[in-house]
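A quick write-up on the structure given underneath.
Quick caveat: nothing in here was measured; it's all calculated off a predicted structure.
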Amino acid sequence: RLRIQQDGALYLVTPVIIMRHPSKRCFDTANDNRNLRERFANQVTVHYGCAVGAFANYATVDMVDLVRFHPNRERDRQLMRDSEKEYQDKLDAKRESFEQLKKAYEEAVGEARNPALGEKARAAAEDKALKRRESLITAERALQDDMRSYQRALQDLDSRMLRQVTGEIRKAVKAVAEIRKLKAVFDSTAVPYSSESLDITDAVLTQLKVDPKVRHEAKAKEKAAENK
């Protein structure tokens, strides 16, 4: 079935998500909660500049949780599921047509191998089998092309939705940072260690009009499930 791979590598760098006076040296980095650590990082503009200790006022956010609990997240996931089902149904129909062509080709081959056929009849049967084989090869290539096309469409849709979500998150992070007069906000999932006292994820969720209790309740359930 059409699926986007779920396991992604954890970034071990220290990206600055919001900087009031960013360094000039910066660049933009390049799929249920699939691949969030890798995928959201590929959508967020990352600024590399001074060392953390150079900032007097800084904080951290959990970008994975911000993406996961974004108010549009469930809507986007449902859209992905619906799109995936639509493409899968189309592929199933094309695959059924392919199987019918395959059966017709096998029948033609069987006819051509009939020892009771005369030379002329055998030649006609072999020509018929050859044409069906060509049709089968064409259908197989078309099926493979459709599979790749649908997979790309799903990945493009996923990327567009993620860009929109991370864009809104960046605006919310910036708003909270300005209110608290922070000079920099770092992604806590991409640094070796950060104190929980620095975390402003709940404040950013509130800025996004999401009750932080939703996040804490979900994480508590996950922790309880792990301890079973």
Side-chain angles (χ1 to χ4, degrees), residues 1 3-19 29 31-46 52 55 57-85 154-155 157-228:
R1 294 178 59 83
R3 294 288 179 189
I4 296 176
Q5 296 302 312
Q6 298 186 7
D7 298 324
L10 178 63
Y11 278 62
L12 294 178
V13 294
T14 56
V16 182
I17 296 177
I18 296 295
M19 295 181 62
T29 62
N31 188 351
D32 78 27
N33 300 294
R34 297 171 294 186
N35 251 358
L36 283 183
R37 281 184 174 84
E38 182 175 1
R39 289 168 53 245
F40 84 74
N42 288 340
Q43 303 296 341
V44 180
T45 300
V46 181
V52 173
F55 296 110
N57 299 312
Y58 58 90
T60 62
V61 291
D62 187 321
M63 279 295 292
V64 171
D65 279 358
L66 288 177
V67 172
R68 180 183 175 189
F69 297 103
H70 187 279
N72 292 341
R73 183 65 180 161
E74 186 54 42
R75 181 205 65 184
D76 291 348
R77 291 173 65 190
Q78 185 60 51
L79 179 57
M80 281 296 297
R81 287 191 290 265
D82 291 344
S83 298
E84 186 177 86
K85 183 180 184 304
L154 285 174
Q155 291 172 340
L157 174 62
D158 193 43
S159 296
R160 288 197 304 273
M161 292 189 299
L162 186 59
R163 282 196 296 270
Q164 180 179 356
V165 166
T166 52
E168 293 174 1
I169 289 172
R170 284 179 59 81
K171 290 179 181 178
V173 171
K174 182 178 180 181
V176 173
E178 289 177 345
I179 292 172
R180 301 192 177 197
K181 302 187 183 307
L182 300 174
K183 292 184 177 179
V185 179
F186 297 87
D187 175 15
S188 62
T189 68
V191 296
Y193 170 79
S194 64
S195 171
E196 290 186 5
S197 64
L198 299 176
D199 188 83
I200 60 170
T201 302
D202 286 352
V204 176
L205 285 173
T206 300
Q207 183 71 25
L208 291 168
K209 303 188 185 309
V210 176
D211 188 343
K213 291 199 312 185
V214 175
R215 174 195 181 212
H216 294 295
E217 290 173 357
K219 294 177 81 69
K221 288 181 180 179
E222 292 167 359
K223 187 175 182 178
E226 291 176 357
N227 294 332
K228 285 185 178 180

Quick one: pull up [atom1] in [X] and [atom2] in [Y] and give me the separation to the nearest 0.5 Å.
| X | Y | atom1 | atom2 | answer |
| --- | --- | --- | --- | --- |
| Thr189 | Asp65 | OG1 | CG | 9.0 Å |
| Gln155 | Leu162 | CD | CG | 13.0 Å |
| Ile169 | Gln164 | CD1 | CD | 11.0 Å |
| Thr60 | Ile200 | OG1 | CD1 | 7.5 Å |
| Arg170 | Arg163 | CZ | CZ | 14.0 Å |

key: Stepwise side chain to side chain donor-acceptor pair (under 3.5 Å) check, Gln78 with Arg81   = CA-CA 5 Å; Gln78 185 60 51; Arg81 287 191 290 265; 2.9 Å; yes

task = Identify the residue among Asp62, Val67, Leu66, Val61 that makes a side-chain contact (heavy atoms from CB on, under 4.5 Å) with Val64.
result = Asp62

Quick check: closest heavy atoms across [X] and [Y], and the distance to 0.1 Å?
| X | Y | result |
| --- | --- | --- |
| Leu208 | Glu168 | CD2-O, 3.9 Å |
| Leu182 | Ala59 | CD1-CB, 3.7 Å |
| Phe186 | Ala184 | CE1-CB, 3.8 Å |
| Leu205 | Phe69 | CD2-CB, 4.1 Å |

request  = Using atom types as modelled and distance alone, determine if a side-chain donor or acceptor of Asp158 lies under 3.5 Å from a backbone N or O of Leu154.
outcome  = no

Just wondering, do [Y] and [X] contact through their side chains at under 4.5 Å, heavy atoms?
| X | Y | value |
| --- | --- | --- |
| Asp202 | His216 | yes |
| Leu79 | Leu157 | yes |
| Lys174 | Lys171 | no |

